[in-house]
Participant: 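Before I ask anything, here is the structure I am working with.
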Number of protein chains: 2
Amino acid sequence: MSTAERLVESTRDLLWERGYIGTSPKAIQQRAGVGQGSMYHHFAGKPDLALAAINRTAQEMRAKAEEQFSASGDATERITAYLRREREVLKGCPIGRLTQDPDVMADPMLRAPVEETLAWLRDRLAEILAEGRERGELDAALDPQATAATVVAVLQGGYVLARAADSPAPFDQAITGVLGLLAAHTSTAPK
Amino acid sequence: MSTAERLVESTRDLLWERGYIGTSPKAIQQRAGVGQGSMYHHFAGKPDLALAAINRTAQEMRAKAEEQFSASGDATERITAYLRREREVLKGCPIGRLTQDPDVMADPMLRAPVEETLAWLRDRLAEILAEGRERGELDAALDPQATAATVVAVLQGGYVLARAADSPAPFDQAITGVLGLLAAHTSTAPK
DNA sequence: GTCTATAGACAGATAGAC
DNA sequence: GTCTATCTGTCTATAGAC
């Protein structure tokens, strides 16, 4: 892996663990095994490195979600697969956590990928729910937009509960709960 | 307000806005209008101040939630009142945001109130849901524990979505969505 | 490209005068 | 109780040699 690559990966790890404010250039260099001068040769500074790191994480997150979204199965099956997918629950969401970082939210460049990724997730889920409703799989009373927001929120909030409890249990419960609620909106008629 | 009081309030504000890592003793003093020596006379240091601040915020959060929980009305009404209560959505949850602060989570004293408050919220909501189920108001198939975790997660995740979008809209949608899902589990039989 | 040196500002306190 | 001085270390770079 190139020096620049190692710096970006190191920054991704640290942003996930400690956030933007809690991540120093020195820590990034040490984790990457790269010297000070080398870092400033490849990147203009901390914001520049963070931008590269956040963009890559956002890209990766979409790609992983799209794996479940575009798989075969009806709406409920694909959403279940997405929610039940293996995750590093106790580490939290590497994108969602950035919303708590005032310096990230204050910089339009850093903020954009965070905003876009979560908006994309909601839109994509809303599409899948709308499709399920049209096919008669889901109750006509179900609001795709609102329900999509709920699903993403359960995920993001589940991470918060898991970190607070230092256990993945409340995350799993929250997922179980929302899937149970969604099941009641599923048509019992044959597909 | 006493000097000590002003320091605690100032710390509460800053922890909410910038988190533990992002909050310096100097910033606390300036916002409180209190000198350095004065601060260290009343508090041992930053962790001590943070402990006082977090405990107060946790206490306040429980009291406000209990207002809706112990009000009159059936389970759905009380949960709706809790979720629809006026909130400073764009500021996020002052307790939930601390789960992203590694230094807070690493200190058992600072971590305890965060863990306990969110656990208490889940337990309290589970009680209310169980009660509603016993009364026949809610579907017998509904899992009170899991659903309670879902409700708290929607709240915590709703804050994340709102901050990402810089708009309360996705928060409101997430609430609308979960209440819509819950409605399908509500018995249509007379109470 | 990578290294070391340097630098001004801030973090998080301690000490002692008043 | 509050104030000012002082201190060690870190933050986030810049400069210039190799």
Side-chain angles (χ1 to χ4, degrees), chain A residues 1-56 97-98 100-111, chain B residues 1-56 97-98 100-111:
Chain A
M1 199 156 49
S2 74
T3 298
E5 283 296 312
R6 264 180 300 136
L7 284 166
V8 172
E9 287 305 310
S10 164
T11 305
R12 295 214 301 155
D13 288 351
L14 284 163
L15 285 181
W16 198 357
E17 288 170 27
R18 305 193 46 81
Y20 185 82
I21 306 184
T23 295
S24 69
K26 189 177 183 177
I28 292 171
Q29 296 151 25
Q30 287 178 339
R31 185 169 298 215
V34 162
Q36 189 121 340
S38 201
M39 191 198 96
Y40 282 103
H41 172 76
H42 291 285
F43 295 92
K46 182 174 160 174
D48 189 31
L49 254 168
L51 181 60
I54 295 172
N55 277 333
R56 180 170 303 183
R97 78 108 60 227
L98 297 173
Q100 302 300 334
D101 238 307
D103 292 358
V104 170
M105 299 317 274
D107 181 335
M109 288 293 180
L110 298 180
R111 182 204 186 104
Chain B
M1 198 157 51
S2 74
T3 299
E5 283 295 313
R6 264 180 301 135
L7 284 165
V8 172
E9 288 306 310
S10 163
T11 305
R12 294 216 299 154
D13 287 351
L14 284 163
L15 286 180
W16 198 357
E17 289 171 26
R18 304 194 44 81
Y20 185 81
I21 307 185
T23 297
S24 70
K26 189 177 185 181
I28 293 170
Q29 296 150 25
Q30 287 178 338
R31 185 170 300 214
V34 162
Q36 188 124 341
S38 201
M39 190 197 97
Y40 282 104
H41 173 75
H42 292 285
F43 295 92
K46 180 173 161 173
D48 190 29
L49 254 167
L51 181 59
I54 294 172
N55 277 333
R56 180 168 304 181
R97 78 109 60 227
L98 297 172
Q100 303 297 336
D101 237 307
D103 293 358
V104 170
M105 301 317 274
D107 181 334
M109 290 292 180
L110 297 180
R111 181 202 186 107

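These figures come from a predicted structure and were not determined experimentally.
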Participant: Hey, are Arg31(B) and Glu9(B) close enough for a salt bridge, meaning a charged N less than 4.0 Å from a carboxylate O?
Facilitator: no
Participant: Set out, in order, the CA-CA distance, both residues' side-chain angles and the distance that settles side-chain contact (heavy atoms from CB on, under 4.5 Å) for Met39(A) and Leu49(A), then state yes or no.
Facilitator: CA-CA 9 Å; Met39(A) 191 198 96; Leu49(A) 254 168; 3.7 Å; yes
Participant: Can you check the Gln29(A) CD to dT4(C) P distance for me, whole Å?
Facilitator: 12 Å
Participant: Any side-chain heavy atom of Lys46(A) sitting closer than 4.5 Å to one from Thr11(A)?
Facilitator: no
Participant: OP1, OP2 of dC10(C) versus side-chain N and O of Ser24(B): anything below 4.0 Å?
Facilitator: no
Participant: Does some side-chain heavy atom of His42(B) sit less than 4.5 Å from a side-chain heavy atom of Arg6(B)?
Facilitator: no
Participant: Assess the residue pair Ile54(A) and Tyr20(A) against the criterion (side-chain contact (heavy atoms from CB on, under 4.5 Å)); give the C-alpha distance rounded to whole Å, side-chain angles, the decisive distance to 0.1 Å, and a yes or no.
Facilitator: CA-CA 10 Å; Ile54(A) 295 172; Tyr20(A) 185 82; 5.7 Å; no
Participant: Applying a 4.0 Å non-hydrogen cut-off, can you work out what Thr23(A) is touching in the nucleic acid: base, sugar-phosphate, or nothing?
Facilitator: sugar-phosphate
Participant: side-chain contact (heavy atoms from CB on, under 4.5 Å) between Arg97(A) and Asp101(A): does it pass, once the steps are laid out?
Facilitator: CA-CA 7 Å; Arg97(A) 78 108 60 227; Asp101(A) 238 307; 4.1 Å; yes
Participant: Please report how far the helix from dG1(C)-dC18(D) to dC18(C)-dG1(D) bends, comparing the axis fitted to its first five pairs with the axis fitted to its last five, to the nearest 10 degrees.
Facilitator: 10°
Participant: Looking at DNA chain C, which of residues 34-52 of chain A put a heavy atom within less than 4.0 Å of it?
Facilitator: Gly35(A), Gly37(A), Ser38(A), His41(A), His42(A)
Participant: Taking all non-hydrogen atoms of both residues, which atom of Thr23(B) and which atom of Leu15(B) are closest, and how far apart?
Facilitator: OG1-N, 3.8 Å
Participant: If I compare all heavy atoms of Pro102(B) with all of Arg18(A), which pair ends up nearest, and what's the gap?
Facilitator: CG-NH1, 3.7 Å
Participant: Taking only N and O in the side chain of Thr3(B), is any of them less than 4.0 Å away from OP1 or OP2 of dG1(D)?
Facilitator: no
